[in-house]
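Data first, discussion second: the structure below is written as structure tokens.
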Amino acid sequence: MNAESRPATLACHPWVAHVAIVTEVRSEIDSVATFRMRFRDPEIARQYRFLPGQFNMLYLPSCGESAISHSGPPENSGEDFWHTIRFVGRVTDSIAKLKVGDQLGVRGPFGSAWPLDACRGRDVIIMSGGLGLAPLRPMIYALIAQRESYGRVVLLHGARTPDTILYPEEISQWRDHGIEVELTVDRASNEWDGNVGVVPLLLDRLSNVRPSETEVVTCGPEIMMHYSAVSALGRGIPETSIWMSMERNMQCAAGLCGHCQWGPWFVCKDGPVFRYDTIRSLLKVRDL
Amino acid sequence: MTSATESQESNAAVVWLPRAIFQAFLDLLSADGYQIIGPRIEQGAIVYAPLERVEDLPLGWTDEQGPGLYRLKKRADEAAFGYVVGPHSWKRFLFPPQTDLMRSKQTDEGWDMSPVEPADDKYAFLGVRACELAAMEVQDRVFMTPMFTDELYQRRRSQSLIIAVNCTSAAPTCFCTSMNSGPKCHKGFDLALTELTGGFVVEIGSELGRRFTDRLMLVPVTTQREQDAAAAQQQAVDQITRTLDREHVQSTLKNRLNHKRWDEVAEKCLSCANCTMVCPTCFCSSVDDVTNLVDEEVIRQRHWDSCFNFDFSHISGGPVRDQTRSRYRQWLTHKLTHWVDQFGTSGCVGCGRCIAWCPVGIDLTEEARILCEDPAVPEEGQP
Ligand SMILES: Cc1cc2nc3c(=O)[nH]c(=O)nc-3n(C[C@H](O)[C@H](O)[C@H](O)COP(=O)(O)OP(=O)(O)OC[C@H]3O[C@@H](n4cnc5c(N)ncnc54)[C@H](O)[C@@H]3O)c2cc1C
Ligand code: SF4
């Protein structure tokens, strides 16, 4: 995506955060919660816009900063934006302790977006693994909001176990909005009578795929995205119609700190969403 | 951008600055509010530090360099700029090793977060070599992009005065001729000096530079001195022996990501990060918080970091580049090829610092040559 079509990052100074207030905390699966928040300054809240796939840097003074994708409706401004976060370390464990009314710093939005324009009028296959569904949710909201502008929309989602499937109630509502959903888990439990196995298998078995009419978007562990792309290629979907969101260490999110470099790319500003043909060969090199 | 970059070489006048009034020149810079940063001897090396007097300069000293080697030696004369380059580069002033970025304070309404205004330093950089001018232009492209700008860098860059010095000798580690970056200064300076016995031939690169030469009432240089300066500059060219096949490396190295040479160099490399610290273009940094409990104030602080540090690429599950092999590969491929994709210029200016300051004497020109010379095996890694 060209940088000009992105919403402006708040303030010209990329390092400076704006204060946001937590307005709701919703616990999702184990160690994951969605935080709704708004910018404290009403003017900033009003101005702030993001695109599905973009992320913010969330900052807790004395603790640190983490890159976290938007997981809420893209039509929302900075008066109500959502982040779904897994608590895995220093910063995210501190975010876990935030309650309604607590404050944090937010910089953003950063990065490239899911290719909604390329998807217009075409079939869309969404492949997500685990928490990878969170950065795709704004895209799903956008597809539902203009459902008639897109062809067939399929969500292929996988989780480790049935009780780690993210947003289970919403997923059933999405079905009602004309999205086909296939779920799979790595390990079944007693009450699970659905698919068992990895996400790419869902695509291998999906019927009536129209390869030249389809865009595939995928987010999840790198290995899962890699094999999702392999599966998509196997179904005849061209490289230029496969998109994935990459994860690398990020400190500045503005291409100034060097941490997220990956071959010729800065994942923070050239990505995180990449078109597969631009990264295919990089994905095959170990610890690049 | 600086006034220096507006320089027009075509009508650059050339004047003579006698050594006898060099101090008057320095005094004029100070009087105009410039903090002079130039070469000084500290702890056995020529570094860049504040100075005011001609005697602060490394008069009569030179540096002897080679892979893993740097030491000072007495010269036969009293030259002020008779050395090549030391461990410092000007990035330490434009992109300081440590910078305060943002301040968070607890107030009645909660956090107050505001940028830390960069100090209004106005520098005169004295003794900038051609490869270092090139390095500044490389960092301009990194820190002043169409999307984001580093405010501190931009401010310091735009208000610094650049007094370049043409090299009249070169070290065995130099390869600026291969990188099209030296040894002669062509643009990007306010004034460029060539040191001769008794004074300096001064090229004027900007109106700002001319203000100083006018006020010192410098007169046009004689043809003889101009010829002497050209001969002195040629001496540096003639002394350069090291080479790097820039365009070949740029196009080839990115297809050598699985070469066995990475394993071999990893056996020597200590992953100490010296090469990245002395490199005049390396720009990686990390941010941390410093808490001032008394003021209930938290400062977000940026400091230099290096792709050689183990945690640099940390994500859940550990660092992406968990081996020296992958970290050396990141450094070399970024510097010599991916930099071109990112910024339209090589990240290497051929100053040779990384060769001299590598404790085990790894030579990037040699590594690049070996990595790129093998018959091309089709490889992954080219997007
Ligand atoms: C573009 C992008 C979008 C992301 N979106 C989400 C999201 O929507 N929800 C979510 O839960 N997580 C997301 N992550 C991952 C999240 O950034 C990390 O889990 C988080 O930074 C871990 O920080 P920590 O301090 O809790 O963990 P620690 O392990 O203590 O990490 C210390 C530091 O390392 C870095 N780091 C650690 N893990 C990662 C990682 N996986 N990716 C990048 N940097 C890391 C950060 O600088 C972090 O502050 C995203 C990452 C990226 C790059
Ligand atoms: S190449 Fe040399 S200087 Fe650079 S990290 Fe390795 S040992 Fe240190």
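By convention in this document, chain letters (A, B, ...) are assigned in the order of the sequence lines, proteins followed by strands, and residues within each chain are numbered from 1.
- Note: B:F283 and B:W339 have perpendicular aromatic rings, judged against thresholds of 30 and 60 degrees for the angle between ring planes.
- Ranked by heavy-atom pairs under 4.5 Å with chain A, the first of B:R103, B:Q330, B:E109 is B:E109.
- Neither the backbone nor the side chain of A:C252 comes within contact range of chain B; no heavy atom of the residue lies under 4.5 Å from a heavy atom of that chain.
- The part of B:F343 that comes within reach of chain A is its side chain, from C-beta onward, which places non-hydrogen atoms under 4.5 angstrom from that chain.
- No other option in A:R286, A:Q261, A:K269 has as many heavy-atom pairs under 4.5 Å with chain B as A:Q261.
- With respect to A:V32, the side chain to side chain contact (heavy atoms under 4.5 Å, CB included) criterion is satisfied by exactly one of A:L166, A:I85, A:V88: A:L166.
- Of the residues considered (A:H259, A:Q251, A:M250), A:H259 shows the highest number of contacts with chain B, using heavy-atom pairs under 4.5 Å.
- Neither the backbone nor the side chain of B:T337 comes within contact range of chain A; no heavy atom of the residue lies under 4.5 Å from a heavy atom of that chain.
- Between B:F93 and B:Y123, the ring planes are perpendicular. Angles over 60° get that label, and only those under 30° would be called parallel.
- At a 4.5 Å heavy-atom cutoff, the contact between B:D305 and chain A is made by side-chain atoms alone.
- Ion pairing between B:R300 and A:E65 holds under the 4.0 Å rule for side-chain N and carboxylate O.
- Taking a cutoff of 4.0 Å between a charged side-chain nitrogen and a carboxylate oxygen, A:D80 and A:R36 qualify as a salt bridge.
- For the pair A:R248 and A:W262, the cation-pi test (distance below 6.0 Å, angle within 45°) is passed.
- A:L283 does not touch chain B: none of its heavy atoms, backbone or side chain, sits under 4.5 Å away.
- Only the side chain of B:R329 comes within less than 4.5 Å of a heavy atom of chain A; its backbone N, CA, C and O stay farther away.
- Interface summary for chain B: among A:S62, A:G258, A:A17, the most heavy-atom pairs under 4.5 angstrom belong to A:S62.
- Between B:F95 and B:F143, the angle of the ring planes lies from 30° to 60°, which puts this pair in the tilted group.
- For a residue to count as touching a neighbouring chain, one of its non-hydrogen atoms must lie under 4.5 Å from one of that chain's; by this rule B:S313 touches chain A with the backbone only.
- Contacts between A:R40 and chain B at a heavy-atom distance below 4.5 Å involve the side chain alone, from C-beta outward.
- Each of B:R156, B:R141, B:R157, B:R302 was compared with B:D150 under the salt bridge (charged side-chain N to carboxylate O under 4.0 Å, His left out) criterion, and only B:R302 meets it.
- The two atoms that bring B:S306 and B:A273 nearest to each other are OG-CB, 3.4 Å, heavy atoms only.
- Within the 4.5 angstrom heavy-atom criterion, only side-chain atoms of B:Q323, from C-beta onward, approach chain A.
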